[in-house]
Amino acid sequence: MTSPSNTSVTPYGTLPPSSTPSTRKPISLPRLREMQAHGEKITMLTAYDATFAAVADAAGVECILVGDSLGMVCQGLTSTVGVTLETMRHHTECVANGLRRSQATAWLIGDLPFGSYHESKEQALRSAVVLMQAGAHMVKLEGGGWTAETVRFLVERGIPVCAHLGLTPQTVHALGGYRVQGKGEEAAATLKRHAHELQDAGAAMMVLEMVPAALSAELTKELTHCATIGIGAGSGTAGQVLVLHDMLGMNLGKMPKFVRNFMEGADNKTASVRGAMEAYVRAVKDGSFPVNAQHAW
Ligand code: KIV
């Protein structure tokens, strides 16, 4: 007969015991709205597993996005198009477990993958339920005005939604590559119209990816009920997001212009993932990242 063991203590995990008391208040939608209203920058990073999520939470990152960028950084795919709902469910659950084991303060956003919300709003609801039941607090979906009806349908059913405009990686083949969107008067007007339609439909957050800095700053002022989160969209947005592996300098290809490697410049003796995340939070909060002349268009 084997003797009973304490299964919560393992030599492998670096996570704290699940009973660790929280010292910070969990991030909620009202708190995010308050930050937006007071001009306090919102910080977001992607994470795909329990440990990185727990470290990001401990470093003070307010929002964690289980992005379908995991197709590239975890699965080695060449785009996000091949990521499935089951894969997103699995990683969302891993991240939610990690957050529960740490301070559990971060707001958790699950990315709806390509094909999981395109058929109908009912299909989108079924997919969103999968991610919410895996532990997400909010779901993100890509696309312009055509998604507004879906956003409204989800929000009316109590599912907070983050929209995503500009460069939408799931449609990279239709866009003809990873390039800046909303350049020129007509494209800017279309992007603005879509942004307002999505806010009116109830989107509480909106990722703006590779959008000219001036346009995203203007939009940020106009969208008083929807917090803009920029990636390659300049410093004028309500918050910033980066892909975890990029900001840790683990992008083995060409580093996108909008990324800063937060491991760089740190004293080698003290460089740490948590330190890099804390530096990111500080830089976003004090406005020293991003720098428009360097990281934006
Ligand atoms: O999938 C992802 O990581 C994203 C971010 C780039 C915003 O959508």
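Whatever order the structure lists ligands and atoms in, that order sets their numbers, starting from 1.
With respect to atom 3 (O) of ligand 1, the closest heavy atom belonging to the protein is Ser69 OG, 2.5 Å. In this structure, the protein non-hydrogen atom closest to atom 5 (C) of ligand 1 is Leu65 CD2, 3.8 Å.
Here Thr80 has no heavy atoms under 4.0 Å from ligand 1, in either its backbone or its side chain. Contact annotation for Leu70 and ligand 1: no heavy atom of the residue comes within less than 4.0 Å of the ligand.
Judged by a 6.0 Å distance limit and a 45° cone about the ring axis, Arg282 is not positioned over the six-membered ring of Tyr280.
Gln170 pairs in a side chain to side chain donor-acceptor pair (under 3.5 Å) with only one of the listed residues (Asp68, Thr80, Asp111), which is Asp68. The side chain to side chain contact (heavy atoms under 4.5 Å, CB included) with Thr92 is formed by just one residue from the set Val130, Thr87, Val139, Val66; it is Val66.
Near Thr46, meaning under 4.0 Å from one of its heavy atoms, ligand 1 places the atoms 3 (O). The Gly67 neighbourhood of ligand 1 comprises atoms 1 (O), 2 (C), 3 (O), with distances under 4.0 Å to a heavy atom of that residue. Short contacts between ligand 1 and His164, defined as distances under 4.0 Å to a heavy atom of the residue, involve ligand atoms 8 (O).
Remark: Glu149 does not engage Arg152 in a salt bridge, criterion side-chain N to carboxylate O under 4.0 Å. With salt bridges taken as basic N to acidic carboxylate O contacts below 4.0 Å, one links Glu278 and Arg274.
Between His245 and Tyr48, the gap from one ring centroid to the other is short of 6.0 Å.
For ligand 1, none of its N or O atoms has an N or O atom of Glu142 under 3.5 Å away.
Of the options Met72, Lys140, Met88, the smallest heavy-atom separation from atom 8 (O) of ligand 1 is shown by Lys140.
Interatomic distance, CG of Leu65 versus CE of Met205, reported as 10.0 Å (0.5 Å rounding).
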